[in-house]
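All values reported here derive from a predicted model rather than from experimental measurement. Every number for a ligand or one of its atoms is a count from 1 in the order of the listing.
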Amino acid sequence: MDAEALRKYSALHPKPAGLTLQYGTAGFRTKAEQLDHIVFRMGLLAILRSKAVTATIGIMVTASHNPEEDNGVKLVDPLGEMLHPSWEEYATQLANAEERELQKVIMEICQKAAVNLHKDASVFIGRDTRPSSEKLSQSVIDGIQVLGGQYHDYGLVTTPQLHYMVCCQNTQGQYGKATLEGYYEKLSKAFMELIKQSHCSGESQRHLKIDCANGIGALKLSEMKPYFPQEVLIHIYNDGTKEKLNHLCGADFVKVHQKPPGGLDMKPNERCCSFDGDADRIVYYYKDTAGHFHLIDGDKIATLISIFLKELLAKVKQNFKMAVVQTAYANGNSTRYLQETLKVPVHCVKTGVKHLHHKAQEFDVGVYFEANGHGTVLFSKAAETKIRQLVKEEKDDEKREAAMMLENMIDLINQTVGDAVSDMLVIEAILALKGLTVQQWDALYADLPNRLLKVQVADRRVIDTTDAERRALTPPGLQEKIDALVKKYRLSRAFVRPSGTEDVVRIYAEADTQENADALAHEVSLAVFHLAGGKGAPPQPI
Ligand SMILES: CC(=O)N[C@H]1[C@@H](OP(=O)(O)O)O[C@H](CO)[C@@H](O)[C@@H]1O
Ligand SMILES: [Mg+2]
């Protein structure tokens, strides 16, 4: 390591005095002006990680659905997964080290993680469309160069595209070609193969309006358009030419406020969807003839995909183990539908994509979605091999055709991470193949009315949870109070947990009516305020 270069370059990316940040659920996220030293140091860390695992590592500059002024950075592991939890701690240490200690901290990480500094290193870089992203990605490159590694800067890409590139690179092209063209070709080919087999979609069925949150999704979808057949009629809104990123639009806005985004004129019964700022989340929605808004969230997306896959799996008769993975935020009626009507096992894990991804890897076919629309499907290697073999060798027509559809699903879904573009194509293909309208999809089950609130407390770490975050262990008395409040309502459920991305405690409640869900959420938020050290004025009724 060139100590002099490290000193010189870290001085160009100084750490603001007293600032400490944590590598959280989605990497580092804060105001863009506080991030320069962080991204420089994540460039350093990406090199260390690359040397440790002898593979290409990804680094993405984005703050997803957060306001345009924010930014963030996260690392991508060799197969396109999130950074391994054991390294999150190193990331935090490196980010918070004083400048004069930087070299020492690097050496400590090398020792703890058995990094051989003489090995080669390679990093792929991507960024979203925020005004601050370009400069920050230059600082990443400074970090990479100080420790001496190769890099490829993909420039503007969606988060899932970068995950895809990393996976392609480290599987020597088995997953696909590590170029944007490779991504577009792989997805569009699988999509076209799938919809070839659909008979029943009239023209009106093929229109889809997409709110791109004024972000990177708009750019990349426009690039991808020429790869689609003419029958695909997608209309891009909020493309970033007029309004601000994520402002009153995007998947997070639509899910949280349960209303349509600005900038998209929606006619009754038109199928619409929203991406988030880095295009790794998607939610669907429509307005009925009475003008009521209907949200189709990640839970209903997981349900649609599960129905489709379960039918195909029954046809190929392979006894593949399939399961759905959710978090505590999944609507109670989605869980009930999946378990009782569809008879698919459902598992609940802690919030955060890495937890869902990890659990889904236990099955031959693991469908995972967060209610907010981040999700994908994982196929085990054994299942994939068997399916590809059936496509080549199976004599029975029905079985072979089902295997072909599964094979195309494997190629269409981005198995590295949730991907709005890929998920959208999966959904569009399923709707076309099953001849389902957006209303019919929505009608699979009715969401239980629910409410998500947040409360500020002095220190959110006073709340400790268990049972996939569904029960609070501390502070004393809180869970007992929640239990008592929940008993007052029908079909009710409530839980609280400290957020991993914001300095707040989140409260979730559902019940038989919206009034009851709102009342329960409010009462629970008061309990949190009083028992967990609430800050400022007590929460007001909704
Ligand atoms: C209730 C909710 O939507 N929580 C989100 C949010 O996490 P919190 O830990 O709740 O702040 O951001 C995460 C990262 O994007 C996402 O994985 C998660 O689902
Ligand atoms: Mg995102």
**Q** Is the ring pair Tyr368/His374 parallel, tilted or perpendicular, if the boundaries are 30 and 60 degrees?
**A** parallel
**Q** Under a 3.5 Å threshold, yes or no: a donor from one side chain and an acceptor from the other, between Asn71 and Ser132?
**A** yes
**Q** Got a second to check how far Gln161's CD is from Asp280's CG, nearest 0.5 Å?
**A** 11.5 Å
**Q** Step by step, work out the side-chain hydrogen bond (donor to acceptor under 3.5 Å, both in side chains) result for Glu223 and Tyr184.
**A** CA-CA 9 Å; Glu223 267 175 34; Tyr184 297 139; 2.8 Å; yes
**Q** Give every pair formed by an N or O atom of ligand 1 and a protein N or O atom closer than 3.5 Å, one pair per line with both atom names and the distance to 0.1 Å, or write none.
**A**
residue, atom, partner, partner atom, Å
ligand 1, 3 (O), Asn372, ND2, 3.2
ligand 1, 9 (O), Arg497, NH2, 2.8
ligand 1, 9 (O), Gly500, N, 2.6
ligand 1, 10 (O), Arg497, NH1, 2.8
ligand 1, 10 (O), Arg506, NE, 2.6
ligand 1, 11 (O), Ser499, OG, 2.5
ligand 1, 11 (O), Thr501, N, 3.3
ligand 1, 11 (O), Thr501, OG1, 2.5
ligand 1, 11 (O), Arg506, NE, 3.4
ligand 1, 11 (O), Arg506, NH2, 2.7
ligand 1, 17 (O), Glu370, OE1, 2.8
ligand 1, 17 (O), Glu370, OE2, 3.1
ligand 1, 19 (O), Glu370, OE1, 3.0
ligand 1, 19 (O), Glu370, OE2, 2.8
ligand 1, 19 (O), Asn372, ND2, 2.9

**Q** Check this for me: His247, atom NE2, are more than 12 non-hydrogen atoms of other residues, nucleotides or ligands nearer than 6.0 Å?
**A** no
**Q** Decide yes or no on side chain to side chain contact (heavy atoms under 4.5 Å, CB included) for His163 and Met60, but give the supporting numbers first.
**A** CA-CA 9 Å; His163 286 252; Met60 181 75 194; 5.9 Å; no
**Q** Closer than 3.5 angstrom, by distance alone: can the side chain of Gln456 be matched with the main-chain N or O of Asp503 as a donor-acceptor pair?
**A** yes
**Q** Examine His235 together with Tyr237 and report whether their ring centres are nearer than 6.0 Å.
**A** no
**Q** Do any protein N, O or S atoms sit under 2.8 Å from the Mg ion (ligand 2), and which ones are they?
**A** Ser64 OG, Asp276 OD2, Asp278 OD1, Asp280 OD1
**Q** Classify the side-chain pair Ser334/Asn331 by whether it contains a donor and acceptor separated by less than 3.5 Å.
**A** no
